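Encoded as structure tokens, the structure appears first; notes follow it.
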Amino acid sequence: MTAKALLDILIPLVGDLSRDIPERDRYDRLLDAMRTLFPCDAAALLRLEGEILVPVAIDGLSNDTLGRRFRVSEHPRLQALLAHRGALRFPADSDLPDPYDGLVQNLSERLEVHDCMGCALHVAGRPWGLMTLDALDRARFDTVDVASLEAFASLAAATVNVVEHLGVLASRNEHERRRAEAYRIAASQTEHEMIGQSAPHRHLVDEIQVVGRSELTVLILGESGVGKELVAHAIHAASARADKPLISLNCAALPDTLVESELFGHVRGAFSGAVNDRRGKFDLADGGTLFLDEVGELPLAVQAKLLRVLQSGQLQRVGSDREHRVDVRLIAATNRNLAEEVKLGRYRADFYHRLTVYPLSVPPLRERGRDVLLIAGFFLEQNRAKLGLHSIRLSPDAQTALLAYPWPGNIRELEHLIGRTALRALAVQPIRPRILTLTGADLDLPADTAGAGKPNHVAAPGPGGDPGVPDLRRALADYERQLIRDSLERHQNNWASAARELGMDRANLSRSAKRLGLK
């Protein structure tokens, strides 16, 4: 490469350091320049968060890679790159597994990476993450000048430093800095992480930031399985109470007779079986946040007592005549139409209005476009670790099927689908593979909703009366009804077992069955 060509690549990157451009665009331009200077089949930029490496930009890897989280201790190559000062190239015959095997795009047969190198990035003297280059040819990087790669790594570190510096400037004050750090820490914990890049997802994240810093009561609305509890965790992490406890209670998982005790606590002898004093969820959440999931299932009598606690902060345990004060922020969630429940007299209007100070809708997975691939990548990496596999990948037709399917069960359904598909696909392999590929056939999604084959039912007339246009609500109800029927048949009408298989509470399953005419 001539000196002029080299400058034509590097000068725009240097110019970017003084420009205000989105973080994602900045990182994409960086990887594009790296692949031009050091030809490879795939490149990635990964940020280190505790013991996890999070992909922030990729080029040449499958889309679901952005949803994966690589635990350093489980990937020896990434571990070696972090520990090495400067650029490091692995021998072609290295027996260390490559985390990108099976993830390079547009591959039919050759799935394993054969030439790999990378470099750790340091910002302000601390390890920030990695940049990696991978190729399918064993000798692709024979002519790469290590010193040139290390020089480029310095430019990459400068780019990262600019992004980090802009983030600090945006904080404005110490309180905001602490809040952002609490949110970052919470987001780095994979079990509470929200993954996505779609416009509906970004809008939801923006809404969380807005309401998180307030003390307002939030009612999270959305279908079953959309991740309402994750949203509650994110709101709490974005608040000034982030260093205080977040206590959760599923209101549908308890008998009506125990809900009051769980919320407010009880004293010894308050009822049969109350052999000791017990603190309730409000006491445990004092100073922090209480999350009430399935709040639409609360009995009317409990709604009245909850309303009083929310208005006055005064709490009285079951069986006690003494009151004490608690300082609790309430976040609630429901998949029911509470306004309609109020009209029908099944929900208190005053309690409903106290809950809906700030309603927050979580979009269903079918409205989030390609986010389904990112979230699938997250679950694929989880199952790879559980099954002890080197890699799990999605074939192109599997990705197409995931994008075409309407996901009536949302993210929970996707999680269960990936888990059982990986397990079943592995079970039929005659020899345990290094790389497990999941195909569209393995996913076994219904043909009419996965965009393949003929419909297995006659479409109901759509809103315009056209019999060729299916009514979405009716189609989803038909599909949900069939899922429940099939599960009950497999479990000999054992409702508890069917609820576990479908990822639902038994009470919710019973209500859904009644709504669908199955009871």
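The chain is numbered in sequence order, starting from 1. For clarity, every value in this text was computed on a predicted model and none was experimentally measured.
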To the nearest 0.5 Å, what is the distance between [atom1] ([X]) and [atom2] ([Y])?
| X | Y | atom1 | atom2 | result |
| --- | --- | --- | --- | --- |
| C40 | D115 | SG | CG | 10.0 Å |
| I52 | R68 | CD1 | CZ | 14.0 Å |
| L136 | C116 | CG | SG | 11.5 Å |
| L130 | R47 | CG | CZ | 12.5 Å |
| R434 | L389 | CZ | CG | 11.0 Å |

Cut-off 3.5 Å, side chains only: do [X] and [Y] have a donor facing an acceptor?
| X | Y | result |
| --- | --- | --- |
| H236 | R329 | no |
| T400 | D397 | no |
| S214 | Y358 | no |

Please identify which of these residues, L394, L373, L403, meets the side chain to side chain contact (heavy atoms under 4.5 Å, CB included) condition with N63.
L373
So does D371 pair up with R202, basic N to acidic O under 4.0 Å?
no
Under a 4.0 Å N-O cut-off, is there an ion pair linking R393 with D64?
no
Sequence neighbours left out, what passes ring-ring contact (aromatic ring centres under 6.0 Å, His included) with H201? Give chain and number order.
none
Are there over 12 heavy-atom neighbours, none belonging to E51, within less than 6.0 Å of that residue's CD?
no
Is atom NE2 of H84 surrounded by more than 12 heavy atoms (other residues, nucleotides or ligands) closer than 6.0 Å?
yes
Look at the rings of Y27 and W128 and say which category their plane angle falls in: under 30° parallel, 30 to 60° tilted, over 60° perpendicular.
tilted
How far apart are the closest heavy atoms of I208 and V231, and which atoms are they?
CD1-CG1, 3.9 Å
Which pairs pass side-chain hydrogen bond (donor to acceptor under 3.5 Å, both in side chains) with one or both residues in residues 412-430, sequence neighbours excluded?
Y405-E413
Just to verify, which of D134, D41, T132 counts as forming a side chain to side chain donor-acceptor pair (under 3.5 Å) with Y100?
T132
